[in-house]
Amino acid sequence: MTSRPWVLRAAGLAAAATLALAAALPTTAAAGPAPVTHAIKSQISQAGEPPGQQKLPVDLPGGKTVVGETSPIHDPALIVAADGTWYVYSTGLVNRENGGTIQVWTSRDHGTTWEYAGTVWDRIPAWIDEHFSDGELPGNLWAPEITEHNGTYYLYYSASRFGGNKSLTALATNTTLDPSDPDYEWVDQGMVVSSPATGLDPANPAKTFNAIDAGIIEDADGTPYMAIGSFWYGIFLVQLEWPSGKPVAGWESKAVNIADRFMPGNPIEAPYITRHGDYYYLFVSFDACCRGGDSTYKVAVGRSTSVKGPYLDQEGRDMFGGGGSVVLDSHGAITGPGGQSVFGDYLAFHYYDGSNPDIPYFPTLGIQKIDWVDGWPVFNQTVETPSVLKQPKAAAAGSAVTFTATAGGTPGPVAVWEISYDGGASWQRADHQPVTKRTDEGSYRSTLEVSSGTYGDAGLLVRAVFRNAHGKAATDAVGFPAPPGR
């Protein structure tokens, strides 16, 4: 394998390739409420504040539990807009489903709850098909990268053929990330780089790279660079220029080969450089992606005082020569983490979800807040599935009824409250979800508030389902108390 395709090409997931997007995304439980409960549903939905209006807790370093629509996500590129909205851009669906273009996902509660927000375009640009007209056309666009410069957002993306290095990275720009903004439009800016490329090393005319997996970094002087590459001769650093966002003239002779494992197949890709303190950190993915539960992907890192390297790992080994300290590997239900990006102190990655009962090892969004220890990024890989510590119990609170539940787990679990209108025969997600907060004791508590107009409804039940990346635990189902004085 010499390049990274969309996960559903992987063995064991091929059958899922034909799923429509609506089927692929998580849905609420089956049957809706009976007509007599519509007013009750309104009271439950409106009782609590929407997540965006609630005070959100500060994340501790370590795994961040994400809920909502978090799959199928592959190669997530994370960015946080000025208004606090989190965005993830990810590889498109295979076989040009939904156009096969880059997918968009949003969160308005500090990256906890995610929603699918559509695709960048309805179809793959025609010029890409022309570029690949000598053979198989790309079935989707891959491995996006998103960055901002002087009010313009630059979205880099790749197109390729599985197994080869006839590939390209292209660019689209926009002045806003908000699809509801009247100025929202991703403008195609065409080719950035393509491969195979020549002139990268006069001493080795055969040296080339695979033009996918772009990651953008500015040095201390504001000069932009693109880290890029997959397998072949590894990772290269290409100098760009603003405002075009494209390579400088003669970039080939200026490109720097910053990482190469010098081993059969050279399984290294997905480069991303970020700056922290006095160092630049090069994150890469090692080994085999896109094989579902058999994936061996893992995240490795090295650091340098210069954006051009050399990047040395924690043992002083050069990443151009086999170095690279593995900092995030398979653990618990997380198989094959990789395809990463970094925004601030957050690492976004995909993994193959062993806890997904419907489509085992479906590609899923993962987020970790980096813990910087002695100048190195550390990731908490403790595995503790959620466990309920305190069952919910109805309590009157003025004109409302509250239900509070507590759970433990690592990463810290998030409660998703569910409602049953038929005595527990079916469940659906509450429209407004309260924030799950960490207690001083290290457990996680969530309180659902419901209008007291629902007092005494015999068929109405609520429960909390605490989730993290390794599993879930549901509380007991709890009914509503009889009205006061009855």
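This one's a predicted model, so the numbers in the text were calculated from it and none came from an experiment.
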Worksheet item: Does the pair S90 and Q103 meet the rule for a side-chain contact (heavy atoms from CB on, under 4.5 Å), with working shown?
Response: CA-CA 5 Å; S90 69; Q103 301 183 96; 3.6 Å; yes
Discussion item. Determine whether a donor-acceptor pair (N or O, by modelled atom type, separation under 3.5 Å) exists between the side chain of E185 and the backbone of T173.
Written reply: no
Worksheet item: Can you tell me how far the NZ atom of K298 sits from the CG atom of D329, to the nearest 0.5 Å?
Response: 5.0 Å
Discussion item. Quick one: does any side-chain atom of S195 pair with a main-chain N or O of A211 as donor and acceptor, under 3.5 Å?
Written reply: yes
Response to the item:
With Y281 as partner, the option from Y272, W372, Y311 fulfilling ring-ring contact (aromatic ring centres under 6.0 Å, His included) is W372
Item to complete: Compute the centroid of each ring, for Y233 and then for F209, and state whether the two points are separated by less than 6.0 Å.
Response: no
Item to complete: Step through the shown structure and confirm whether more than 12 heavy atoms of other residues, nucleotides or ligands are within 6.0 Å of CG on D278.
Response: no
Worksheet item: Just wondering, are more than 12 heavy atoms of other shown residues or ligands nearer than 6.0 Å to OH in Y153?
Response: yes
Discussion item. Please verify the inter-ring angle class for H350 with Y352; under 30° counts as parallel, over 60° as perpendicular, anything in between as tilted.
Written reply: perpendicular
Item to complete: State, without any angle test, whether D213 and S230 hold a side-chain donor-acceptor pair at a distance under 3.5 Å.
Response: no
Worksheet item: Does a donor on one side chain sit under 3.5 Å from an acceptor on the other, for D371 and N380?
Response: no
Worksheet item: How about Y346 and W86: are their ring centroids closer than 6.0 Å?
Response: yes
Worksheet entry | Residues forming a ring-ring contact (aromatic ring centres under 6.0 Å, His included) with Y225, sequence neighbours excluded | none
Item to complete: Verify the distance criterion only: is there a donor paired with an acceptor across the side chains of T335 and S330 at less than 3.5 Å?
Response: no
Discussion item. Checking Y157 now: which residues fulfil ring-ring contact (aromatic ring centres under 6.0 Å, His included) with it, not counting sequence neighbours?
Written reply: W121
Discussion item. Using modelled atom types and a 3.5 Å cut-off, is there a donor and acceptor pairing between side-chain atoms of D221 and backbone atoms of T223?
Written reply: no
Worksheet item: Is there a donor in the side chain of Y297 and an acceptor in the side chain of Q340, or the other way round, less than 3.5 Å apart?
Response: no
Worksheet entry | R261 charged N/C atom sitting above F286 aromatic ring, 6.0 Å / 45° | yes
Worksheet entry | Any donor-acceptor N or O pair under 3.5 Å, side chains T382, T410 | no
Practice prompt. Going by the side-chain contact (heavy atoms from CB on, under 4.5 Å) test, name the single residue among L177, D178, T176 that passes it with N174.
Written response: T176
Worksheet item: Does the T436 side chain pair with the main chain of A415, one donor and one acceptor, at a distance under 3.5 Å?
Response: yes
Discussion item. Less than 3.5 Å apart, any donor N or O on the side chain of Y351 or H331 sitting next to an acceptor on the other?
Written reply: no
Worksheet item: From H149 NE2 over to L240 CG, what is the distance, rounded to the nearest 0.5 angstrom?
Response: 11.0 Å
Worksheet item: So, D59 and K64, do they make that salt bridge, N to O below 4.0 Å?
Response: yes
Practice prompt. Tell me, yes or no, whether the heavy-atom count around K472 atom NZ, taken from other residues, nucleotides or ligands under 6.0 Å, exceeds 12.
Written response: no
Worksheet item: Does T65 have any side-chain contact (heavy atoms from CB on, under 4.5 Å) partners at least two apart in sequence or in another chain, and if so, which?
Response: V67, P411, V414, N468
Fill in: Any residue meeting ring-ring contact (aromatic ring centres under 6.0 Å, His included) with W114, in chain and number order, not counting sequence neighbours
none
Worksheet item: Charged N to carboxylate O below 4.0 Å: is that the case for D134 and R161?
Response: yes
Worksheet item: Is S295 reaching over with its side chain to a backbone N or O of R291, donor-acceptor style, under 3.5 angstrom?
Response: yes
Response to the item:
Residues passing the ring-ring contact (aromatic ring centres under 6.0 Å, His included) test with Y154, sequence neighbours excluded, are W242
Fill in: Donor-acceptor under 3.5 Å (N165 side chain, N210 main chain)
no
Worksheet item: Would you find more than 12 non-hydrogen atoms of other residues, nucleotides or ligands less than 6.0 Å from E148 atom CD?
Response: yes
Fill in: Any donor-acceptor N/O pair, T208 side chain to A197 backbone, under 3.5 Å
yes
Worksheet item: Is a side-chain donor or acceptor of T364 paired with a backbone partner of F362 at a separation under 3.5 angstrom?
Response: yes
Response to the item:
d(Q189 CD, S244 OG) to nearest 0.5 Å is 9.0 Å
Fill in: NZ/NE/NH1/NH2 to OD/OE distance under 4.0 Å, R96 and D122
no
Worksheet entry | Contacts of L312 that satisfy side-chain contact (heavy atoms from CB on, under 4.5 Å) - sequence neighbours left out | P310, D318
Discussion item. Whether the S107 and D109 side chains hold a donor-acceptor pair (N or O, under 3.5 Å, no angle test) is what I'd like checked.
Written reply: yes
Item to complete: Could you verify whether a donor N or O on one side chain and an acceptor N or O on the other, from W186 and D188, lie under 3.5 Å apart?
Response: no
Discussion item. Distance alone, cut at 3.5 Å: any donor-acceptor contact between the side chains of E269 and S285?
Written reply: no
Worksheet item: Salt bridge between D313 and R303, side-chain N to carboxylate O under 4.0 Å?
Response: no
